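Reading through the structure tokens given below for one structure.
Quick caveat: nothing in here was measured; it's all calculated off a predicted structure.
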Amino acid sequence: MNGQNLIDGEWRSGIDAFETVNPSDLGEVVGRYSKATESDVARACAAARDALPAWSACNMQARADLLRKVGDVLVERRVAVGTLLSREEGKTLAEGVGEAVYAARCFHFQAGEVIRAQGQWYDSGRDGFNIVVTREPVGVIAAITPWNFPIAIPAWKVAAALAHGNTVVLKPSNFVPGCAVLLGEILQQAGLPRGVFNLVLGDGEPTGGAIIDAADGVTFTGGTETGRLVLRRAAETMTKVQMELGGKNALVVLDDADLDLAVDIAGNGAWRQTGQRCTGTERLIVTRGIHDAFVERLMNSAKRLQVGHALDPDTEIGPVANRPQLEKNLAFVERARAEGAELATGGECLKRRTKGLFMAPTLFVGTRSEMWCNQTEAFGPICSVIKVDDLDEAIHVANDCPYRLSAGIATAGLSSAERFRRYSRAGMVIVNAPTAGLEYHVPLGARAPSGFGPRENGLASSEFFSETKTAYINHGE
Ligand code: NAD
């Protein structure tokens with residue numbers, strides 16, 4: 001596919017042509033793209049600004065119908081979107097198609113939000129007054145997205161932004177521009193007026209920075225270090241900020257857990273989608289009584305997982321999404337071993353029928369909470385086990401990490417689950433299920449440094465994507 005930049009309703013070529021390759025088969029070019037020029041980026045931001053008055057005043061039914069149509073087209077084209085996603089990012093086809101459907105649901109949900117938009121009416125302490133609180137669009141939204149959910153993350157940001165009457169300039173990751181280009185095509189096909197959605201391809205600097213400077217709000221998903229740069233940049237112009245950042249998510253496994261279930265959810269959280277989910281499990285905190293049986297079973301299940309070409313029907317784990325990430329994973333393994341983590345399985349690249357970025361599911365055991373490998377995000381198919389005495393120690397260890405994204409517990413005890421829910425400092429807590437696997441109709445997010453600002457998705461999305469206006473009305477009655 002040959003992608004371009006969508007600026008004021010027109011697809012335009014830019015400068016600095018680049019290609020994406022299939023991580024399952026490095027010989028296959030998936031897309032050829034070119035980055036937006038500085039003036040293209042400026043035009044995209046100006047187009048979004050010019051389109052704002054009409055779009056924010058657009059009839060609510062028309063806006064809802066349009067978003068619903070985008071969702072419908074995403075459902076119709078789910079196999080095409082999912083296949084492109086699998087070829088460009090490396091998720092298995094089932095995961096890719098599932099992500100396309102998830103993206104569609106975000107548009108369907110936000111179509112409903114247009115209709116459900118509410119205000120508040122208050123009586124006043126002053127005779128003859130009442131007070132009305134309404135929500136208004138923020139304005140131009142800069143959306144900056146990572147490579148690991150190439151259609152879902154752009155979709156949930158764009159759907160929420162448009163639902164609340166904002167216009168958008170999207171900058172996706174250069175590793176996976178294909179799905180963002182497809183989303184632009186689908187938005188056009190659904191009849192979105194020109195300039196309401198613009199797409200610019202390019203690097204974090206200068207392109208990401210330039211759209212932050214021009215926007216009224218920036219919604220960013222990516223690494224925590226990049227998030228700090230985005231926050232500093234946005235501070236210059238006091239641009240409203242929402243960020244979803246890195247994680248080092250823990251799953252606690254207590255002695256009373258169902259062993260089969262615990263092994264299943266640990267393996268799912270740690271290795272499915274090649275460990276490239278921000279909510280994936282990287283730390284397994286396991287109490288003494290179940291530790292040995294759990295580790296043995298988990299290690300065996302890791303060895304059985306089918307790693308291979310993302311489009312092969314038997315594949316359970318696709319390749320690492322890109323070469324820099326694979327190099328980071330291998331360096332992570334080396335450093336963890338050097339500090340004394342015991343490699344139980346994995347840690348190496350795998351050869352398959354095609355030349356791809358395949359890595360074995362990796363498990364470290366015998367680690368301690370304070371070790372570097374338990375304090376640093378890997379973002380690959382790598383997790384480590386920490387042995388603890390009891391629930392209190394498990395909660396302490398789960399919180400003993402700078403990240404605060406998601407945390408899970410496997411237990412048959414309702415009171416243990418409730419205690420964990422209450423004392424975990426993560427933004428999302430999951431009981432007897434993988435730490436990853438979030439739904440689109442409830443808030444998604446975390447405390448700093450795993451997130452910053454209002455949550456995304458669900459009803460919570462109105463906090464970032466709209467502004468409150470309080471009106472005092474002296475009607476004299
Ligand atoms: P990244 O931070 O390298 O890049 C994310 C995006 O930011 C890309 O589009 C990139 O071009 C852009 N960018 C880079 N520098 C920039 C700058 N100075 N100004 C503006 N934009 C800039 O992240 P990645 O490697 O694409 O994604 C992996 C990271 O994303 C992991 O840390 C993962 O945990 C995180 N993530 C978090 C969530 C969540 O919901 N919390 C979801 C998915 C991914």
Is there a side chain to side chain contact (heavy atoms under 4.5 Å, CB included) between Ser461 and Gln110 once you walk through the steps? CA-CA 9 Å; Ser461 52; Gln110 293 295 349; 3.2 Å; yes
Provide the full list of salt bridge (Lys or Arg N to Asp or Glu O under 4.0 Å) pairs with a residue in residues 440-463, sequence neighbours left out, each pair given once. Lys157-Glu456
Ignoring hydrogens and angles, tell me if any N or O in the side chain of Glu393 forms a donor-acceptor pair with the backbone of Asp389 under 3.5 Å. yes
Close side-chain approach of Leu326 and Cys349, heavy atoms under 4.5 Å: yes
If you apply the rule side chain to side chain contact (heavy atoms under 4.5 Å, CB included), what do you find for Leu187 with Val158, and how did you get there? CA-CA 10 Å; Leu187 287 162; Val158 172; 4.1 Å; yes
Minimum heavy-atom separation for Val241 to Met243, with atom names? CG1-CG, 3.4 Å
CZ/Arg288: more than 12 non-hydrogen atoms of other groups inside 6.0 Å: yes
Any donor-acceptor N/O pair, Asp216 side chain to Val140 backbone, under 3.5 Å: yes
Counting only N and O atoms by type, is there a donor-acceptor contact under 3.5 Å from the side chain of Thr92 to the main-chain atoms of Glu95? yes
Decide side chain to side chain contact (heavy atoms under 4.5 Å, CB included) for Leu162 and Val168; before the verdict, give the C-alpha distance in whole Å, the side-chain angles of both, and the deciding distance to 0.1 Å. CA-CA 8 Å; Leu162 298 182; Val168 179; 4.0 Å; yes
Considering only residues two or more places apart or on different chains, which pairs with a residue in residues 386-438 satisfy ring-ring contact (aromatic ring centres under 6.0 Å, His included)? none
Distance-only criterion, 3.5 Å: show the donor-acceptor pairs between side-chain atoms of residues 350-365 and protein atoms not counting sequence neighbours.
from: Arg352; atom 1: NE; to: Val307; atom 2: O; distance (Å): 2.6
from: Arg353; atom 1: NE; to: Asp312; atom 2: OD2; distance (Å): 3.2
from: Arg353; atom 1: NH2; to: Asp312; atom 2: OD1; distance (Å): 2.8
from: Arg353; atom 1: NH2; to: Asp312; atom 2: OD2; distance (Å): 3.4
from: Thr354; atom 1: OG1; to: Ser24; atom 2: O; distance (Å): 2.7
from: Thr362; atom 1: OG1; to: Gly347; atom 2: N; distance (Å): 2.7
from: Thr362; atom 1: OG1; to: Ala360; atom 2: O; distance (Å): 2.8

Flag yes if more than 12 heavy atoms outside Glu296 fall under 6.0 Å of its CD atom; otherwise flag no. no
So ring-ring contact (aromatic ring centres under 6.0 Å, His included) across residues 265-314, not counting sequence neighbours, yields none
Hey, does Gln375 have a side-chain heavy atom less than 4.5 Å from the side chain of Pro402? yes
For residues 225-235, pull every pair meeting side chain to side chain donor-acceptor pair (under 3.5 Å), keeping only residues two or more places apart or in separate chains. Glu205-Arg233, Asp213-Arg233, Glu225-Arg228
Please answer whether the main-chain N or O of His441 pairs with a side-chain N or O of Asn457 as donor and acceptor at a distance below 3.5 Å. no
Tightest non-hydrogen contact, residues Leu85 and Gly96, listed as CD1-O, 4.0 Å
Assign the ring pair Phe465 / His164 to parallel, tilted or perpendicular, where the plane angle (0 to 90°) is split at 30° and 60°. parallel
To the nearest 0.5 angstrom, please state how far the CZ atom of Phe149 sits from the OG atom of Ser173. 13.5 Å
Are the side chain of Lys171 and the backbone N or O of Gly202 linked by a donor-acceptor pair below 3.5 Å? yes
Does Glu136 reach the main-chain N or O of Ser466 with its side chain, forming a donor-acceptor pair under 3.5 Å? no
Could you go through Lys248 and Glu377, starting from their C-alpha distance and side-chain angles, then the distance that decides it, and tell me whether this counts as salt bridge (charged side-chain N to carboxylate O under 4.0 Å, His left out)? CA-CA 5 Å; Lys248 185 76 185 170; Glu377 182 183 45; over 6 Å; no
Can you tell me if Arg116 has over 12 outside heavy atoms packed within less than 6.0 Å of its CZ? yes
Any donor-acceptor N or O pair under 3.5 Å, side chains Ser369, Asn374: no
For a quick test of reading the model, state the closest non-hydrogen atom pair linking Val320 to Pro23 and the distance between them. O-CB, 3.3 Å
To the nearest 0.5 Å, tell me how far Leu311 CG sits from Arg87 CZ. 8.0 Å
Could you grab the distance from atom OG1 of Thr411 to atom CD1 of Ile290, nearest 0.5 Å is fine? 9.5 Å
Given the ring of Phe464, does Lys240 sit roughly above its face, with NZ or CZ under 6.0 Å from the centre of the six-membered ring and within 45° of the axis? yes
Exam field: side chain Glu99 to backbone Ala152, donor-acceptor pair closer than 3.5 Å: yes
Go through it in stages, so that I can follow the logic: the residues are Ser450 and Thr224, the test is side chain to side chain contact (heavy atoms under 4.5 Å, CB included), and I'd like the CA-CA distance, side-chain angles, deciding distance and then a yes or no. CA-CA 7 Å; Ser450 288; Thr224 295; 5.5 Å; no
Run through Leu444, Thr145, Thr219 and flag the one making a side-chain contact (heavy atoms from CB on, under 4.5 Å) with Trp156. Leu444
Between Glu316 and Arg272, does any NZ, NE, NH1 or NH2 come within less than 4.0 Å of an OD or OE carboxylate oxygen? yes
Measure across Cys179 and Leu84 and return the closest heavy-atom pair with its distance rounded to 0.1 Å. N-CD2, 3.9 Å
Main-chain N/O of Asn399 paired to Arg404 side chain as donor or acceptor, under 3.5 Å: yes
Search all heavy atoms of Tyr33 against all heavy atoms of Glu88 and return the closest pair with its distance. OH-OE2, 2.8 Å
Go through the steps to decide whether Glu282 and Ser384 satisfy the test side chain to side chain donor-acceptor pair (under 3.5 Å), and finish with yes or no. CA-CA 6 Å; Glu282 297 202 7; Ser384 50; over 6 Å; no
Below 4.5 Å, heavy atoms only, C-beta onward: do Leu284 and Leu298 meet side chain to side chain? yes
Sequence-distant partners of Thr470, side chain to side chain contact (heavy atoms under 4.5 Å, CB included), two or more places apart: Ile131, Val133, Thr468, Tyr472
Counting only heavy atoms from other residues, nucleotides and ligands, does the tally under 6.0 Å from CZ of Phe452 exceed 12? no
If I take atom OG from residue Ser301 and atom CG from residue Asn268, how far apart are they, to the nearest 0.5 angstrom? 10.5 Å
Tell me whether the count of non-hydrogen atoms from other residues, nucleotides or ligands lying under 6.0 Å of CD in Gln118 goes above 12. no
Atom OG1 in Thr279, atom CD in Gln273: separation rounded to 0.5 Å? 8.5 Å
Answer yes or no: are there more than 12 heavy-atom neighbours, outside Glu348 itself, under 6.0 Å from its atom CD? yes
Tightest non-hydrogen contact, residues Thr367 and Ala341, listed as CG2-CB, 3.7 Å
Within the distance-only criterion (no hydrogens, no angle test), does the side chain of Arg283 pair as donor or acceptor with the backbone N or O of Leu251 below 3.5 angstrom? no
Between atom CG of Leu74 and atom SG of Cys106, what is the distance when rounded to the nearest 0.5 Å? 9.5 Å
So does Glu418 pair up with Arg422, basic N to acidic O under 4.0 Å? yes
If you define the side chain from C-beta out and look only at heavy atoms, does anything of Tyr440 sit under 4.5 Å from Phe107? no
Side-chain (Thr435) to main-chain (Gly408) donor-acceptor, under 3.5 angstrom: no
